[in-house]
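Some notes on the structure that comes next.
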Amino acid sequence: MDKTFNPHQHEERIYRMWESGGYLTPQIDISKQPFSIILPLPNANDPMHMGHALFTVQDILARWHRMMGDPTLWLPGGDHAGIETQFVFEKKLTKEGKSRFDFDRETLFRMIAEFVEQNKNVNRDQMKRLGFSLDWTRYHYSLEPEIQKMVLETFIRLHKDGYVYRAERLVNFCTKCGTAFSDLEIKHLERQDPLYYIRYGPFVLATTRPETKFGDTGVAFHPADKRYRKYLGKEIEVMGVNGPFRVTAVADEAIDPEFGTGIEKVTPAHDFLDYEIAKRHGLPFKKAIDFTGRLTSVTGRFAGMKVKAAREAVVAEMQKMNLLERIDENYVHSVAVCYRCGTTIEPMLIPQWYVKTKPLAKAAIDAVKRGSTRIVPLKRFEKMYFEWLENIEDWNISRQIVWGPRIPVWYPVDKNPELEVTFIDKNGAKQNGKISALLENTDKQAFTLSEISQGLQQLRAPLDAEFIVSNTDPGGKYLQETDTFDTWFLSAQWPVNTLKSKPGDFEYFYPTSVLDTLWDILFFWVARMMMLGIYLTGDVPFRTVHIHSRVVDRQGQKMSKSKGNVVNPIEMVDKYGADALRMALIYGAAPGSDIALSEEKIRGMRNFANKLWNIGRFISGSLDQSGISAGDFPFFGDDRKNKLKNPDDKRILSEINKLCAVVTRNLERYRFSDAAQDIYDFTWHRLADEYLEINKERFRDSNPEALPVLLHVFHRILKLLHPFMPFVTEVLWETLPKKYDKPLVLSSWPSGSGKPVKG
RNA sequence: GGGCGCAUAGCUCAGCUGGUAGAGCGUUUCGUUGACAUCGAAAAGGUCUCAGGUUCAAGUCCUGAUGCGCCCACCA
């Protein structure tokens, strides 16, 4: 044996041994209770970060249950990560001087698919390097045909059951990404912007967005505000930069009389509050901004200008016309921005597909209340969960991107003359217009439906458009919806769909045992998996949700590229080995609080792996000196069970038994850190520093009594430690003599209950 | 605006159902050619944020204050 443990000499070979031996693939056995975990599917193209390294928690659970004899499935997957991936791809296009608008959607999809193919296995290979005992024979990619088919079927079923509907509402729209987002996908930023006090008919009112004035259809004040009460219900004439226009005065509780002058201009098509007010008072909607973030034709000479430029132009014009009273330059407010690219969100009125969530949310709440699913370790996450689901709004599942499963809705062109399409014709020129006009055989130019369909970029159907829902091309004169599903709509069904893709799996492994994740996707993913899981199967997708902590640097700062404090897990594995990194992540991580990770800590755990290695080396050396051949090693427990004379031997045996029980108990309670610390302390300070030092000479005896005890204790430590540090323990296990010739990964768990331990 | 969490040794944190403070790293001193310097032995270092309260007894329970962090909602 080498003087130190060198991870790189062993890791790859050991992992291959586990994988090719089929040890990571469970044998379905109806007489046994299975244990199953679905891996939170990482972006298949993203290199691993520390968050992924924390999948160690799941590996500990999986390895522990496997050793306890439970048929154990840990199912891996990779996510196409719709918006993320398309965003990255578009950045690449930009560098090449192109944009998504240069391609029809099918071509664009194909290009992204090829792009993704190049590093599709990045994440997969890295997870193997960390030793994760995933069953790769059951790997699924979120865009594989089988999964996609099931996602479409879910949509069709939801539609049939009346859970899916189309509505034209104000949505969060990113004009750069060209897509709508759910509320969860936007960020709020504090920003200082000018607050303009403008003369507005008989009023002066404060606004940050004078350029939306063209979309105004009302003014609103608080019902109790005496200053404005006399105007209630009246039509007010307002002088604008394009001449006078009329708005209706309404009273609404939502108006804060303290803000500005206590009166607000109502722009229903471009502001969330105004949208609500307009709905309550029946004010009309008038669109002044289009999907590209430019002003529409209703703005006259400002049409085509981008929002920011338009604001400056409008303000300048207002100044000229003496419509601007003053500007408050110190106004600070929070602005919604795209979580992806940081562009200011433009509230936009578009028809979108929605899922009715109230009834689904109720079932998801009830399931946790009645204990069908348990959220550990902390009650506060349960509270967060309830609160979010209780206040949930209907879920907008349409995204205007191409990288994702396309919504299986088809619009008959004959019955929907108002369908607006953007497409690239056979000569490569971009065309846009109403379908009826484009298909018409006029003198100018006519297009065939198949040409439009092939070159299609985007289709916009009016809210009242006729459509059919079908997972196959209905044939004939139809155009398919160009919106794709929100990525989370797909991942919300992940446990069901992945298990259903192999016969027998769903019946055996569903509901899964544990879902382990970070709290930041509790709403995005966990709550939605609960909703769709229960809807699709009638049972919850997992029995326990375990929330693990976030990895931060040693100053407690969140790791981020901009701060430059990111620790790359693979670099650490290269440097110190997978075991060291894994142990460093688990050791000292209290449930629910952040995990402070530093290179020193990882180094410390590398030292521990080495300590362990050297205990093994000592045993091996003692064995040589004792002159016993490995073949007839007198294992403890074979015939000398109650014959021990030495009090040290007796004591260490009773202590290791106790340790087994304590570790098992801590694993049962998801107290991984405690379990790890107990093993660490015992191994280093009790076994090595005391027992082994004091009895050093006794292990070299040719008629040994102590050596079998030592080996027995060490075997147990290897087992207890294997879920945490799988590589070094497996190598030591294969190096030392043992009773049964089975790899450690399949050996039996020492529960410490006094039951006989085999293997 | 609503809600939540944290505050213990220089640093990162344990301390679960209340019984006179613990670990790792760091620091200091000493030791060690046969398991391991990726080591061993020892030492220094804490009015457990503050103020009240409950209790025979409080880092541990309760109330309040201060500081730091987070989540949700929202800002015309």
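Remember, it's a predicted structure, so these values are computed and weren't measured experimentally. Note on naming: letters A, B, ... go to the chains in the order of the sequence lines (proteins, then strands), and numbering restarts at 1 for each one.
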Give a yes/no on whether any side-chain N or O of [X] is located under 4.0 angstrom from OP1 or OP2 of [N].
| X | N | value |
| --- | --- | --- |
| A:His188 | B:C71 | no |
| A:Lys3 | B:A35 | no |
| A:Asn607 | B:C39 | yes |
| A:His333 | B:C74 | no |
| A:Lys696 | B:A35 | yes |
| A:Arg671 | B:G15 | yes |

Angle between ring planes, [X] versus [Y], binned at 30° and 60°: parallel, tilted or perpendicular?
| X | Y | answer |
| --- | --- | --- |
| A:Tyr228 | A:Phe221 | tilted |
| A:Tyr670 | A:Phe672 | perpendicular |
| A:His10 | A:Phe5 | parallel |

Less than 3.5 Å apart, any donor N or O on the side chain of A:Ser622 or A:Gln625 sitting next to an acceptor on the other?
no
Suppose we define a pair by two distances each less than 3.5 Å, Watson-Crick or G-U wobble; what does [N] pair with here?
| N | result |
| --- | --- |
| B:U66 | B:A7 |
| B:G18 | none |
| B:A23 | B:U12 |
| B:C48 | none |
| B:G1 | B:C72 |
| B:U28 | B:A42 |
| B:G59 | none |

Interatomic distance at [atom1], [N] relative to [M], whole Å:
| N | M | atom1 | result |
| --- | --- | --- | --- |
| B:U49 | B:C16 | P | 15 Å |
| B:A14 | B:U8 | C1' | 10 Å |
| B:U20 | B:C6 | P | 24 Å |
| B:G40 | B:G45 | P | 24 Å |
| B:G18 | B:C61 | P | 9 Å |
| B:A21 | B:A35 | C1' | 35 Å |
| B:C74 | B:G3 | C1' | 15 Å |
| B:C62 | B:A7 | P | 14 Å |

Would you mind classifying the nucleic acid contact of [X] as base, sugar-phosphate or nothing, using non-hydrogen atoms under 4.0 angstrom?
| X | answer |
| --- | --- |
| A:Ile619 | nothing |
| A:Asp256 | base |
| A:Ala688 | base |
| A:Leu205 | nothing |
| A:His270 | nothing |
| A:Tyr331 | sugar-phosphate |

Would you mind telling me which of [options] lies closest to the side-chain atoms of [X]?
| X | options | result |
| --- | --- | --- |
| A:Leu195 | B:G40, B:A76, B:C72 | B:A76 |
| A:Lys383 | B:G3, B:U38, B:C71 | B:G3 |
| A:Ile615 | B:G40, B:A35, B:U38 | B:A35 |
| A:Phe523 | B:A35, B:U38, B:C72 | B:C72 |
| A:Glu264 | B:A76, B:A35, B:C16 | B:A76 |
| A:Met384 | B:A76, B:C71, B:U38 | B:C71 |

Give a yes or no answer on whether the side chain of A:Thr729 reaches the backbone of A:Met725 with a donor-acceptor pair at less than 3.5 Å.
yes
Under 3.5 Å, side chain of A:His49 to main-chain N/O of A:Pro569, donor-acceptor pair present?
no
Within this structure, what is the [atom1]-to-[atom2] distance between [X] and [N], rounded to whole angstrom?
| X | N | atom1 | atom2 | value |
| --- | --- | --- | --- | --- |
| A:Leu585 | B:C13 | CG | P | 14 Å |
| A:Phe608 | B:C25 | CZ | P | 12 Å |
| A:Glu600 | B:U38 | CD | P | 16 Å |
| A:Met583 | B:U12 | CE | P | 22 Å |
| A:Arg606 | B:G24 | CZ | C1' | 15 Å |
| A:Ile602 | B:U38 | CD1 | P | 18 Å |
| A:His222 | B:A76 | NE2 | P | 17 Å |
| A:His685 | B:C39 | NE2 | P | 11 Å |

With the criterion set at under 5.5 Å between ring centres and under 30 degrees between planes, would B:G24 be stacked on A:Tyr587?
no
Looking at [N], does its base get a donor-acceptor pair with the side chain of [X] below 3.5 Å?
| X | N | value |
| --- | --- | --- |
| A:Arg603 | B:C25 | no |
| A:Lys611 | B:C36 | yes |
| A:Glu693 | B:A35 | yes |

Given the ring of A:Tyr576, does A:Arg606 sit roughly above its face, with NZ or CZ under 6.0 Å from the centre of the six-membered ring and within 45° of the axis?
no
With a 4.0 Å cut-off, would you call A:Glu390 and A:Lys358 a salt bridge?
no
Between A:Asp649 and A:Arg698, is there a salt bridge with N-O shorter than 4.0 Å?
yes
